[in-house]
Each structure stands twice: as structure tokens, then as C-alpha cells.
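Right, one structure below, let's go through it.
Residues take their numbers from the sequence shown, with the count starting at 1.
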Amino acid sequence: MSSQQSIQMPSILKGDDIFSSFNRIQKSIQERAYHIFHDRDSNSGDAISDWLKAESEVLSDINMTLKDKKNQVVIEGNIDNFLPEDIEIKTQDGRFIICGIHTEKTSGEKKGVSRKTSTQSNFYRSFSLPDSVDTEKMKVEMKSGKFTVKIPKTSH
């Protein structure tokens, strides 16, 4: 008897669901910026620098490209550190939005002392789409850390 393994794919969201993930990332940046502000000398730096430093620490640098081809739009990128279930995709108001939150938790015990750690990686990207795409027929593939979205163009 053979069983077919199901492949987990990123979530394609309808409605405003993606904003919950975006808000979690925004809250992480806000908390980190506060700690940077609190830890620095009040005579050095400013709120904008604190925010930009927090963004660079909280958000992962994800390289993605959008290619506008004759019959389709292709969005590609490498997202090695993210699992398909960590990623949410949405198209809204002529925009393609992708968001990822990955958390790794580790625990161990050494000499009777328990230790638990948690690290989180985040990314958020948004692209403007041409008017002529059919987002209802969007296809998403993720294999070995490579992410590909193909959105066909409508025949006008």
C-alpha cells in the first residue's frame, strides 16, 4: 500500500487576514526600537535611527524579483529559512503581498539547569501588479527554499 505525501504550501489569504501577521511584525519592530531607545544615551541618536536599526534587526533580507512577461507575471525569491506554513500571501488592490514569520525554539539541560531559547525571523514584501493579471488563477510553488509565484495575464 502506498501513501501519497502531502506537500504544505504557503497560505493564500482572502480578506484582511494578512494584516494580523504584518501587525505582529510591526509590534516586534516597535518593541525592539523601544529597547534601542531605552538603552542608548539620550544625547545620541534619534527615533528614526532607532526605528531603522530595529527594522534591520527584526526583518530578514529576502531577495525577490518580479518579472513582467508576455503571458504572465512571475515572482521569485529564495526563502531558505522559512517553511511553507510560515508564509502568507495575499493580493489586494493591485498589490502582491508576502509575509513570513518563522520561530525556532530550542531547549536543553546542562548540569541541572534548564535552558530554553527562541529566535524569530520575519519578512514582508509587497509588489505592484499590472492591471491585466488574474490573481484568482495564481499558482504558488515552493521547493528547496525557492519560492515561485506565477500569475497569468488576462486576454484583453
*Within the distance-only criterion (no hydrogens, no angle test), does the side chain of Asn78 pair as donor or acceptor with the backbone N or O of Asp80 below 3.5 angstrom?*
no

*Side-chain contact, heavy-atom cut-off 4.5 Å: Met138 with Phe96?*
yes

*Is there a path of hydrophobic side-chain contacts, each under 4.5 Å between heavy atoms of I, L, V, M, F, W or Y residues, that connects Ile79 with Leu59?*
no

*asked:* Using the rule given for side chain to side chain contact (heavy atoms under 4.5 Å, CB included), can you reason through Arg24 versus Asn122, listing the C-alpha separation, both sets of side-chain angles and the distance that settles it, and then say yes or no?
replied: CA-CA 10 Å; Arg24 283 186 286 161; Asn122 307 285; over 6 Å; no

*Answer whether the closest heavy-atom distance between the side chains of Ile101 and Asp86 falls below 4.5 Å.*
no

*Ring centroid separation Phe123 to Phe82 under 6.0 Å*: yes

*Atom pair CD1 (Ile25) and OH (Tyr124), whose distance is rounded to the nearest 0.5 Å*: 9.0 Å

*From Lys105 NZ over to Gln120 CD, what is the distance, rounded to the nearest 0.5 angstrom?*
9.5 Å

*Between Ser107 and Arg115, a side-chain donor and acceptor under 3.5 Å*: no

*asked:* Evaluate Asp50 against Arg40 for side chain to side chain contact (heavy atoms under 4.5 Å, CB included), listing each step before the verdict.
replied: CA-CA 9 Å; Asp50 295 344; Arg40 73 172 162 81; 2.9 Å; yes

_Point-to-point distance, once rounded to the nearest 0.5 Å, from NE2 of His35 to CD of Glu57_ = 11.0 Å

*Could you give the distance from SG (Cys99) to CD (Glu88), rounded to the nearest 0.5 Å?*
6.0 Å

List, one per line, each side-chain donor-acceptor pair under 3.5 Å for residues 62-74, sequence neighbours excluded.
| residue | atom | partner | partner atom | Å |
| --- | --- | --- | --- | --- |
| Lys67 | NZ | Glu76 | OE1 | 2.9 |
| Asp68 | OD1 | Lys153 | NZ | 2.5 |

*Would you check if Thr148 and Lys139 make a side-chain contact, meaning some heavy-atom pair closer than 4.5 Å?*
no

*Would you say the side chain of Val133 lies within less than 4.5 Å of the side chain of Thr154, judging by non-hydrogen atoms?*
no

*Rounded to the nearest 0.5 Å, how far apart are CD1 of Ile29 and CD of Glu55?*
4.5 Å

*Just wondering, are more than 12 heavy atoms of other shown residues or ligands nearer than 6.0 Å to NZ in Lys27?*
no

_On a heavy-atom basis, which atom in Ala54 and which in Ala33 lie closest, and how many Å separate them?_
CB-N, 3.4 Å

*With rounding to the nearest 0.5 Å, note down the distance linking CD1 in Ile151 to OG1 in Thr91.*
7.0 Å

_If only side-chain N and O atoms count, and only distance matters, is there a donor-acceptor pair under 3.5 Å linking Asp41 with Ser44?_
no

*Over 12 foreign heavy atoms within 6.0 Å of CZ, Phe37*: no

*Please tell me if the side chains of Ile97 and Arg125 come closer than 4.5 Å, counting only heavy atoms from C-beta onward.*
no

